[in-house]
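The chains referred to below are lettered A, B, ... by the order of the sequence lines, with proteins before strands, and numbering in each begins at 1.
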Amino acid sequence: VPDGGTIPGYPYEHIGRAEFHPDADGTIWPPATAQGDALPPGHDAGIDGRSNLSADSAVMPTLGLVAQGTEQVGLPAHESAPGRPTSTGSNAHRSSAEPEGQEAFPGSVTVVLPGGQTVLDPFTGSQLKSPVADLAPVAVAGREVGNTFRAMLQNPDTTAGAGMYLATSLGIYLGQGGRFDYQRQGNRITGFTQLRQYKDVSNFNVGLFCQQAGLSLDESLRIAGGYATFFSSNANRDLPFGLDPRTRDLITTGYDIGTHGVFGQAATPP
Amino acid sequence: VLFKKAAIRMAWVVVPLGVLYFYLAVIGLIWTPYTCITDTIQEISNLSGYDFKVSETNCTTIGNDTSVSVYISPTGRKKAVLLFKYAPAGTDPYPTIAVSEGRSVSITVPVVSEVILERYEWRSVSGTVSVDYHIGHVIFPVADVSAPE
């Protein structure tokens, strides 16, 4: 993605994983997409330029590149989407809480990668939002944990504690209320509240942190899925890794963007 | 004396387990009352004789996931039945609920990430209610999500 462009996130199972092509400088260029061109409203081009999202183009209208400074494509939230079912009952009730993905959350900013790119969140149809624009601290912490973990593994005196160190670090940084778990606010004494607008970036952080720590994508998803299976009431053992697909895709997006060197080299590339 | 010995032996088991639980809880790697947080999004009273509740549950461990649930109960009764549960997506993640002729419930959502449970029929004290779902797009379709009768 050219500086100032947008990297599309993706639900890889149904629309195909993004095929990033880093150039010699490590810059990421998604293939076959008009670089920097905003997609027209309603256009359903997939990440790779193929039209692969069925006729319901309003669902994820922003999977292509959107250069910074251009108008974000997609339907405004107040417009009805074509093909969208409407309730015909005169007694229909609409749930009225603030919908996710809109600019209705104070303090929410767009994530900006070190090269100036942004990341499209296909699940909200907008750019990935976070309480902080810079996710470099996530990558730095991941690398530090990965380096320390491997150093402990190589030292016979500390090998036995390496696994405990990794688990503790994952908990401190990514566990509930952890440093990069942006969607929990509060503490364990007075309690937490959920900040639903940050759930996607929190999962993105899991992928980025694990990638920078040198874990493989499979290990990262197994760890996340293992905990979800035991402790989440939303987990589904029938799905890959027991993970909610949205969770899995955001972790994968964070992992893949880390893989392409956007945040620097991982501790030990898997 | 026997009681004292038994208490000491039990303490050898319970105290380390307690310390381990506390440690894991501090680093966020075990269940706590805050692992899953449920917020009530909307409560609808007496919609053609039924009460509805829409709630959102977010669970976090390593990564997090969210579901939206729709419950129904006859107006005035506390015991609610789960009709519909899904993983939300899009800018319009919550459902629109309608009841027609007192016997048919219509639930409309523009887009969901995944349907976790759908109940198509519900037998209440006042009769059987059918449920129609109008979901614009399911990003991750799952084969069978119908609730057991």
Side-chain angles (χ1 to χ4, degrees), chain A residues 11 13-14 54 56 59 77 81 83-89 91-97 99-102 123-126 167-168 170-172 174-178 181 183-184 188 191-194 196 199 202-203 206 223-224 227-228 231-236 238 243-247 251, chain B residues 23-39 41-42 44 47-48 52 54 56-68 85 87-100 106-111 113-114 116 134-137 139-143:
Chain A
E13 191 171 272
H14 289 263
S54 78
D56 193 356
V59 172
R84 169 179 157 181
T86 53
S87 173
T88 54
N91 53 356
H93 275 242
R94 170 82 182 87
S95 297
S96 57
E100 58 184 316
Q102 294 188 26
F123 294 95
T124 62
S126 66
T168 302
L170 289 174
I172 289 171
L174 306 173
Q176 51 179 293
D181 180 24
Q183 50 84 54
R184 282 284 190 272
R188 290 175 181 83
F192 288 104
T193 54
Q194 64 161 313
R196 61 174 67 87
K199 62 183 176 225
S202 297
N203 287 324
V206 171
I223 291 169
Y227 277 103
F231 303 123
S232 171
S233 62
N234 301 324
N236 186 343
D238 296 332
L243 280 174
D244 167 53
R246 180 172 180 166
T247 304
I251 291 175
Chain B
Y23 176 76
L24 291 173
V26 165
I27 62 173
L29 290 182
I30 201 165
W31 183 91
T32 73
Y34 304 111
T35 298
C36 292
I37 296 177
T38 299
D39 292 333
I41 302 300
Q42 191 181 26
I44 306 166
L47 183 63
S48 297
F52 292 89
V54 179
E56 180 170 354
T57 300
N58 177 274
C59 297
T60 179
T61 48
I62 300 288
N64 70 94
D65 49 40
T66 301
S67 66
V68 173
K85 184 176 181 181
T91 56
D92 223 3
Y94 304 119
T96 301
I97 300 168
V99 180
S100 60
S106 170
I107 299 177
T108 303
V109 197
V111 57
S113 173
E114 169 205 5
I116 299 169
H134 304 281
I135 304 172
H137 184 71
I139 299 173
F140 299 98
V142 177

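- Looking only at heavy-atom pairs under 4.5 Å with chain B, the residue among A/G178, A/G177, A/S233 that has the most is A/S233.
- Judged by distance alone, with hydrogens and angles left aside, the side-chain atoms of A/R184 form a donor-acceptor pair with the main-chain N or O of B/T35 at under 3.5 Å.
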- Verify side-chain contact (heavy atoms from CB on, under 4.5 Å) between A/Q176 and B/T32, making sure each step is shown before the conclusion. CA-CA 9 Å; A/Q176 51 179 293; B/T32 73; 3.0 Å; yes
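- Between the side chain of A/R246 and the backbone N or O of B/E114, no donor-acceptor pair lies under 3.5 Å.
- Neither the backbone nor the side chain of B/F52 comes within less than 4.5 Å of any heavy atom of chain A.
- Taking all atoms of both residues into account, the shortest heavy-atom contact from B/T91 to A/T124 is CG2-O, 3.1 Å.
- Note on B/D39, B/I107, B/T57, B/T61: by heavy-atom pairs under 4.5 Å with chain A, the leading option is B/T61.
- With B/D65 contributing its side chain and A/T247 its backbone, the two residues share no donor-acceptor pair below 3.5 Å.
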- Are B/F140 and A/D244 close enough, and set up right, to give a side-chain contact (heavy atoms from CB on, under 4.5 Å), and what steps lead you there? CA-CA 10 Å; B/F140 299 98; A/D244 167 53; over 6 Å; no
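- No side-chain donor-acceptor contact under 3.5 Å links A/N234 to the backbone of B/N58.
- Contact count against chain A (heavy-atom pairs under 4.5 Å) is highest for B/S113 among B/A87, B/S113, B/P33.
- The CD atom of A/Q183 sits 8.0 Å away from atom CD1 of B/I37, with the distance rounded to the nearest 0.5 Å.
- Of all heavy-atom pairs between A/Q194 and B/E56, the closest is NE2-O, 3.8 Å.
- Smallest separation of non-hydrogen atoms from B/C59 and A/S232: CB-OG, 3.3 Å.
- At a threshold of 4.5 Å between non-hydrogen side-chain atoms, the residues B/Y23 and A/T168 count as touching.
- The two residues B/N64 and A/S202 have their closest heavy-atom pair at ND2-CB, 3.6 Å.
- Of the two parts of A/D181, only the side chain, counted from C-beta on, holds a non-hydrogen atom closer than 4.5 Å to a non-hydrogen atom of chain B.
- Ring geometry for A/F192 against B/Y34 counts as perpendicular: the plane angle is over 60°, on a 0 to 90° scale with 30° as the lower cut.
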